[in-house]
> 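Below you will find the structure I want to go over with you.
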Amino acid sequence: MEWYEVYFLTEEEKKHLLKGLLPRSRELGIAEELRGWNWPAPPLQPVYDTVLALYEVANSYCPTNRDLYLRRVRRVFPAPSAAMVQGRVLHAALVHVLVSAKRLIYSVGVAQYQTICRELQELGPVNVESELQALAPEDAADLKRKVAIVTEFEKARIISRIQEILFKQPYIGEDSLAVLAIPVIVEQKLDGSFLGLSPNLSTDAFTVCEPMIVDLKFGERRDFHRLTTTGYALVMESLYEFPVNIGCLVYGSFRGDRLIINKDLHIIDDELRQWFIESRDEKARMVYEEIDPGFPAECYQGCHCYAACHG
Ligand code: SF4
């Protein structure tokens with residue numbers, strides 16, 4: 001694949017969205033009872049008095065979800081795996097660049113755009129030393145290298161976007177430049193209470209121009225990843241009462257010192273909505289009734305709960 005920006009769509013992806021996915025999502029139609037704003041009625045109305053985090057509903061790395069049982073029923077909290085720490089740290093690295101860029105645009109001002117670009121160019125990576133302490137030295141060194149790659153990648157892309165926008169719009173103001181150059185709200189805080197979810201949810205990113213939930217993953221693609229975008233879409237609909245039909249999973253991986261980005265743009269259709277609700281109800285029941293779901297035929301490699309499950 002090519003070099004893509006992390007949270008922004010390429011021209012081809014935009015075309016795919018505007019000419020393909022959006023018209024298709026309108027044709028498809030979404031069942032009214034599966035819109036987030038219908039949370040006071042079944043099937044969206046929560047059945048159990050258990051509040052789940054969105055990731056607890058969406059993730060299914062353990063086929064029987066015994067990790068959830070351990071955490072929520074047995075109150076066992078194993079240390080996160082290296083892969084989990086990596087995901088968290090790389091996400092923080094990106095947020096650092098995006099938020100710093102916005103801050104620079106507002107504080108320095110468009111008239112001094114060269115200063116914005118220079119200061120962004122000089123921006124150092126986010127400080128993740130405390131997170132790295134949990135890792136083996138070689139994993140920590142590798143993650144530090146990846147943080148630097150992600151930071152440089154995103155800085156270069158934002159600088160080129162700022163220059164391109166200023167070239168086309170010489171009289172643009174700060175607010176408009178910030179929205180066009182960085183058209184995402186990162187880590188938007190959302191209250192998922194209407195749907196039986198945590199009141200302190202946080203989306204990876206929400207695009208401003210088209211209501212689209214963006215979620216960033218570092219690791220293999222899994223079919224249940226789409227439940228994350230689906231869950232946030234339902235929460236958005238429950239809070240703001242406008243339809244959110246599109247999700248985008250951004251997969252980052254590394255090849256040598258290159259960051260490779262692949263995207264999975266998808267319609268948040270009835271099937272995904274149904275799946276999310278079923279997963280929420282099934283998991284809420286497991287926690288509420290304290291049901292041990294048992295072990296899968298095979299535990300996945302690197303599960304951070306292995307010692308807790310198998311001694
Ligand atoms: S060790 Fe196995 S059963 Fe336990 S949480 Fe991990 S995958 Fe599930």
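All values reported here derive from a predicted model rather than from experimental measurement. Read the numbers this way: they start at 1 and go in the same order the structure lists the ligands and their atoms. Computed over heavy atoms, backbone and side chain alike; hydrogens, waters and symmetry mates excluded.
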> Counting no waters, how many protein N/O/S atoms sit under 2.8 Å from atom 6 (Fe) of ligand 1?
1
> Under the salt bridge (charged side-chain N to carboxylate O under 4.0 Å, His left out) test, which residues partner Asp215, sequence neighbours left out?
Lys217
> Indicate yes or no: does Glu152 engage Lys155 in a salt bridge with an N to O separation below 4.0 Å.
yes
> Give me the one residue out of Leu197, Thr230, Leu227 that meets side chain to side chain contact (heavy atoms under 4.5 Å, CB included) with Val57.
Leu197
> Same hydrophobic cluster for Leu54 and Tyr48, using side-chain heavy-atom links shorter than 4.5 Å among ILVMFWY?
no
> Only counting residues at least two apart or in another chain, list the ones meeting salt bridge (charged side-chain N to carboxylate O under 4.0 Å, His left out) with Lys102.
none
> With heavy-atom distances below 4.0 Å as the criterion, list the atoms of ligand 1 near Phe295.
3 (S)
> Keeping to residues at least two apart or across chains, list the side chain to side chain donor-acceptor pair (under 3.5 Å) pairs with something in residues 133-144.
Glu129-Lys144, Asp142-Arg145, Asp142-Lys146
